[in-house]
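We count ligands from 1, going down the list as the structure has it; atoms in each ligand are counted the same way. We use all heavy atoms of the structure for the numbers below, so side chains are in, but hydrogens, waters and symmetry mates are not.
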Amino acid sequence: MRKLRDWKAKRGAQSLRLIITGTVLCLSCNVQGQSVAKQIPVTPPPMGWSSWNSFSNTVDSRIIMDQAKAMVSNGMAKSGYQYVNIDEGWWLGTRDAEGNILVDAKAWPALATGERAGDMANIVRYIHGLGLKAGIYTDAGMEGCSLHPDLGPVYQHVGSEGHYEQDFLQFASWGFDYVKVDWCGGNQEKLDPAVQYTGIARAIAKAEAATGHRLYFSLCDWGNNSPWTWAPNVGGAPADIWRTSGDIVGPIVPHHQHSGRLASFSDVLSNFDQGIHPEAQHTGFYNDPDMMVVGMPGLTDAQNRVHMSLWAISAAPLLVGADLTTLSNAALATLTNPDVLAVDQDSLGLQAVKVASYGDGLEVWSKPLSTPGERAVLLFNRTGDAAPISVHWGDLGLENSSSATVKDLWARKDLGSFNSSYSATVQPDDAAMVVVRGRESNLTVYTAVGGDVRKGQEVSFTHVASRVHMARVRIAYTNPDKALRYAELRVNGQIPTRIAFPPTGSGNALGVVWIDAMFDRTGTENALNFSSVCDPGPNIESIGVE
Ligand code: GLA
């Protein structure tokens, strides 16, 4: 491994020359005949709606149809929301003699001629017919969360334990696109989550192979077992998102018990804080701080905007918990602001990092965006008093001496050009969300010698310099497969994190993904080791560190 000269990632096509053992390798779009390092877009976090927060276990076909229709008619579908997720309460725990799930035919009737009542494929067809995707729910254990229901009655045996292959094949055959797997039964039985979720991930992969139908996997152990350290590649097949905390609110169902319950802003902040694991969130796998409560009783319009800002800057799944048929105009505008959604859905997929804080509760969060030089920035005031908060370009990894433009995302207004920093007065418990467009600072590029992850060997980068503890790392690699390849990254011998490497195409052209790596020390004495998780890994060519 040797250190190469600094290079600048500048906006647009430009020549980036790396001198490697006497030869010149050019990572450029505008130099003929040279290899091209293409930024590989990662799968963005899911956007949609879930039945739990507003309907609890009263969910049925009518409710789902109404919500799906509302998602289309109120413009949310056009803004990118697509999943209609049926949470707990859809199944009452009965199976036939062969162990197949039986559902209540009254709650899930035929919706079109030729359909059979009690067939979940009916509601999936309806959802798909609106151009949307459908989600379903189960538990990793024998029982589900309805053993301790928020609204009665208790239903037993609503978990999939003992039926993993059968149930996930059933979900995929019904046509579902997404499955959330809870941990109530697993918890009660004191099961080992790594073992159970491995079995589930494999059953999902098998169901996908058998049906040719993708099942997005949402893992829900409320962060109890640090899923961010293992979920991105559990059992050799990834969980796509993993919950990082408990429920943001208990269900609020009109005319039922707890109908007077309110969502609370402090719980929103607590879930946001518990969801921050930037070192685990990369290349299409996301921390999930829970369904949003935007538009539910309890939050003001301003708090809804802060909530949305926090989820977007985290690149969190945007799963709305409110009743879509009764959303206020303000809540709808908050949920569909295109600039804020673009931050959440940005194709780098990175989570924000807190880059500065002033005293107790004045914070600056930065999320790098896929256009070089762009950062989404949150100036967040958690105190009880209005206060000015400044963001300095240097703290964002941008050239301090250059000017940068600033756009206010909620006002949807360009604020002009600023030298070195931007400052705004932020109201108590409020946040300003802006995009800063400046010039990238230099990255230091290192190239690997020795080991080959493709052959199960370790690739090491030593004497790596980092000026901050959470540093962005640009990885240039190839993966000629059609599927993801994986490698495990260990920084200074700490707990490894698993990284998925999307396909780069069949040629030798390098692809680039970005991750956030946790350095336990600043300075030049860091070591980064990549090793294979399951053969073959990607070919890792070089890394660039902020
Ligand atoms: C758990 C999950 C919730 C919801 C309920 C259903 O509490 O965290 O999101 O799925 O179960 O009972």
Side-chain angles (χ1 to χ4, degrees), residues 45-46 48-60 63-64 67 83-93 107 134-161 167 171 176 178-189 191 193 196-197 200 216-228 231 239-253 256-258 261 263-264 267-268 270-272 274-275 286-294 296 307 311 316-323:
W49 173 87
S50 163
S51 59
W52 183 248
N53 286 354
S54 292
F55 296 98
S56 184
N57 58 9
T58 68
V59 64
D60 63 12
I63 288 171
I64 296 299
Q67 297 298 315
Y83 288 102
V84 176
N85 290 348
I86 305 171
D87 207 283
E88 168 128 77
W90 65 274
W91 177 41
L92 310 183
I136 192 76
Y137 167 98
T138 188
D139 196 285
M142 203 92 80
E143 304 297 339
C145 296
S146 77
L147 269 193
H148 25 83
D150 195 60
L151 303 179
V154 172
Y155 291 109
Q156 289 184 306
H157 312 313
V158 290
S160 286
E161 193 187 353
D167 286 1
F171 299 151
F176 283 101
Y178 180 114
V179 61
K180 170 174 168 182
V181 187
D182 219 332
W183 188 241
C184 280
N187 204 37
Q188 177 182 269
E189 293 170 64
L191 299 177
Q196 301 308 317
Y197 281 117
I200 289 164
Y216 195 89
F217 179 14
S218 155
L219 185 154
C220 178
D221 85 329
W222 322 293
N224 283 6
N225 302 285
S226 309
W228 45 90
D240 295 291
I241 59 174
W242 50 86
R243 279 278 294 276
T244 48
S245 52
D247 295 2
I248 195 166
V249 70
I252 308 176
V253 189
H256 283 76
Q257 206 186 349
H258 313 305
R261 191 181 260 157
S264 101
D267 287 343
V268 169
S270 163
N271 275 39
F272 164 71
Q274 292 175 74
Y286 297 96
N287 295 293
D288 173 11
D290 199 8
M291 285 92 75
M292 296 192 288
V293 293
V294 171
M296 292 183 67
H307 177 5
W311 263 234
L318 299 179
L319 298 167
V320 179
D323 179 347

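Polar contact check, K180 against ligand 1: a nitrogen or oxygen pair lies under 3.5 Å apart.
Set against the non-hydrogen atoms of E88, the atoms of ligand 1 under 4.0 Å away are 6 (C), 12 (O). Which parts of ligand 1 touch D87 is read off a 4.0 Å heavy-atom cut-off, strictly below it: atoms 4 (C), 6 (C), 10 (O). Residue R243 approaches ligand 1 through these ligand atoms, each under 4.0 Å from one of its heavy atoms: 8 (O), 9 (O). The contact set between ligand 1 and W222, taken as ligand atoms under 4.0 Å from a residue heavy atom, comprises 1 (C), 2 (C), 8 (O).
The nearest protein atom to atom 5 (C) of ligand 1, hydrogens excluded, is given as W52 CE2, 3.5 Å; this is a heavy-atom distance. When hydrogens are left out, the protein atom nearest atom 8 (O) of ligand 1 is D247 OD1, 2.5 Å; that is the closest non-hydrogen contact. If you check which protein heavy atom lies closest to atom 1 (C) of ligand 1, you get D182 OD2, 3.0 Å.
Annotation: side chain of Y286 is not in contact with side chain of T244 (no heavy-atom distance under 4.5 Å). No side-chain heavy atom of Y137 sits less than 4.5 Å from a side-chain heavy atom of V179. No side-chain heavy atom of K180 sits less than 4.5 Å from a side-chain heavy atom of T138.
Taken from OG in S218 to CH2 in W242, the straight-line distance is 11.0 Å, to the nearest 0.5 Å. A distance of 13.5 Å separates CD of Q274 from CH2 of W222, quoted to the nearest 0.5 Å. We find the OH-CG distance between Y178 and D240 to be 9.0 Å, quoted to the nearest 0.5 Å.
For D221 and R243, the salt-bridge test fails: no basic side-chain N is under 4.0 Å from an acidic carboxylate O.
With a heavy-atom cut-off of 4.0 Å, C184 does not touch ligand 1 at all.
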